[in-house]
Amino acid sequence: MSKHLNPDTLRELLAYDAETGALTWRERAFAYFGDARLWRSWNARFAGRAALTAINANGYHRGIVCCRDVLAHRVAWAIAHDEWPDAIDHINGIGVDNRLANLRNVNHAENMRNRRRPSNNTSGAIGVSFHRPTQKWIARIKIDGRHVHLGIFTDILDAIAARNFAASRFGFHVNHGRIGNDAHPRH
């Protein structure tokens, strides 16, 4: 049995509005229930209403479809493109913004090149940290799973410039390192 639901099944159960990113439950066929009371009850309660609206710990919409816990952005991609994605990057960093224009199918490494600035960052710039023993700034970047040292700098602006240059050179998204509060709003 495939780990993913067939995109045709998803389209039968859910409607996806690519402009707004909203998923809504479609009216279900009697065959899903086999009992007229359950069938009428489910459709009266859920058909036409918002679907997959719970928010997980990472700030993404999620829900249950056919006894499977699914992420709304992955379902949206599967419905729109007739295939399950490898990994989805929310271009603007907002995990609940599932408009098709905000989603891109990427691998894990590409997804990490558009991550928000970690909440524990104290320098104000991703990949830049203060080195207490030398009282200088260190710039680093992670490329294909390995850390690359970019230099030690007296001035933080020089460290930030080195990090930004490396990010550009290695194809990081322009949103990489954005402030974390926009990325996964909590509701």
Side-chain angles (χ1 to χ4, degrees), residues 1-36 38-118 142-145 167 170-187:
M1 177 176 185
S2 170
K3 92 176 193 180
H4 296 300
L5 292 165
N6 184 306
D8 290 333
T9 301
L10 291 173
R11 282 190 286 277
E12 184 180 327
L13 301 174
L14 296 156
Y16 172 59
D17 183 335
E19 295 294 317
T20 66
L23 287 158
T24 53
W25 294 112
R26 292 187 187 275
E27 189 169 311
R28 289 204 183 167
F30 179 79
Y32 280 95
F33 301 93
D35 176 279
L38 288 174
W39 171 62
R40 282 192 300 274
S41 174
W42 193 95
N43 283 321
R45 187 171 175 197
F46 296 108
R49 294 210 166 84
L52 311 182
T53 58
I55 298 178
N56 72 9
N58 293 322
Y60 298 114
H61 279 142
R62 59 154 294 279
I64 306 293
V65 178
C66 294
C67 301
R68 296 181 192 186
D69 195 357
V70 294
L71 293 169
H73 55 276
R74 294 180 58 77
V75 168
W77 187 271
I79 288 172
H81 293 283
D82 204 32
E83 67 179 11
W84 284 90
D86 296 324
I88 290 291
D89 176 33
H90 287 82
I91 297 167
N92 67 6
I94 300 172
V96 294
D97 182 355
N98 293 323
R99 293 172 298 121
L100 193 58
N102 187 46
L103 305 177
R104 63 185 185 135
N105 184 12
V106 297
N107 63 35
H108 179 72
E110 289 171 310
N111 201 13
M112 291 296 97
R113 291 179 183 195
N114 186 19
R115 65 182 280 240
R116 66 181 183 219
R117 188 170 62 214
K142 191 172 184 179
I143 305 296
D144 299 328
F170 289 108
F172 281 60
H173 195 278
V174 295
N175 290 344
H176 183 72
R178 67 193 164 276
I179 296 172
N181 292 344
D182 316 358
H184 298 297
R186 305 287 184 219
H187 296 302

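Arg62 is listed as a side-chain neighbour of Asp69, based on a closest heavy-atom distance under 4.5 Å. Leu14 places a side-chain heavy atom less than 4.5 Å from the side chain of Ile79. The side-chain heavy atoms of Trp25 and Asn43, taken from C-beta on, include no pair separated by under 4.5 Å. Between Thr53 and Leu23 the shortest side-chain heavy-atom distance does not fall below 4.5 Å. Counting heavy atoms from C-beta outward, Leu5 and Arg68 have side chains that approach closer than 4.5 Å. Side-chain contact check for Tyr60 versus Ile88: every heavy-atom pair is 4.5 Å or farther apart. By the 4.5 Å heavy-atom criterion applied to side chains, His4 and Arg74 are counted as neighbours.
For Ala36, the side-chain contact (heavy atoms from CB on, under 4.5 Å) test picks out Phe30, Arg40, with sequence neighbours left out.
Between Arg104 and Ile91, the shortest heavy-atom contact is CD-CG1, 3.9 Å. Nearest heavy-atom pair across Glu83 and Pro7 is N-CG, 4.0 Å. Taking every heavy atom of both residues into account, Phe170 and Ile143 meet most closely at CG-CD1, 3.4 Å. Smallest separation of non-hydrogen atoms from Leu10 and Val65: CD2-CG1, 4.2 Å. Residues Cys66 and Leu13 share a closest heavy-atom pair of SG-CD1, 3.5 Å. Residue Arg11 comes nearest to Ala78 through the heavy atom pair NH1-O, 3.7 Å, listed as atom of the first residue, atom of the second, then distance.
With hydrogens and angles disregarded, a donor-acceptor distance shorter than 3.5 Å links the side chain of Asn102 to the backbone of Asn92. Counting only distance, with no hydrogens or angles, the side chain of Arg49 and the backbone of Arg45 share a donor-acceptor pair below 3.5 Å. At least one donor-acceptor pair under 3.5 Å links the side chain of Asn105 to the backbone N or O of Asp86.
For the atom pair CZ (Phe46) and CD (Glu27), the distance works out to 14.0 Å, reported to the nearest 0.5 Å.
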Residue pair Val75, Tyr16: steps toward the side-chain contact (heavy atoms from CB on, under 4.5 Å) verdict: CA-CA 9 Å; Val75 168; Tyr16 172 59; over 6 Å; no

Please lay out, stage by stage, how Leu100 and His81 fare under the test side-chain contact (heavy atoms from CB on, under 4.5 Å). CA-CA 10 Å; Leu100 193 58; His81 293 283; 3.7 Å; yes

Give the C-alpha distance, both sets of side-chain angles, the deciding distance and a yes or no for side-chain contact (heavy atoms from CB on, under 4.5 Å) between Ile64 and Leu52. CA-CA 7 Å; Ile64 306 293; Leu52 311 182; over 6 Å; no

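Ring orientation note: the planes of Trp42 and Phe33 are tilted relative to one another, at an angle of 30° to 60°.
Between Arg99 and Asp17 there is no salt bridge, since no side-chain nitrogen of the basic residue lies less than 4.0 Å from a carboxylate oxygen of the acidic one.
Remark: Arg28 fails to qualify as a cation-pi partner of Trp39 under the 6.0 Å distance and 45° angle criteria applied to the six-membered ring.
Of the N and O atoms on the side chains of His90 and Asn98, at least one donor lies less than 3.5 Å from an acceptor on the other residue.
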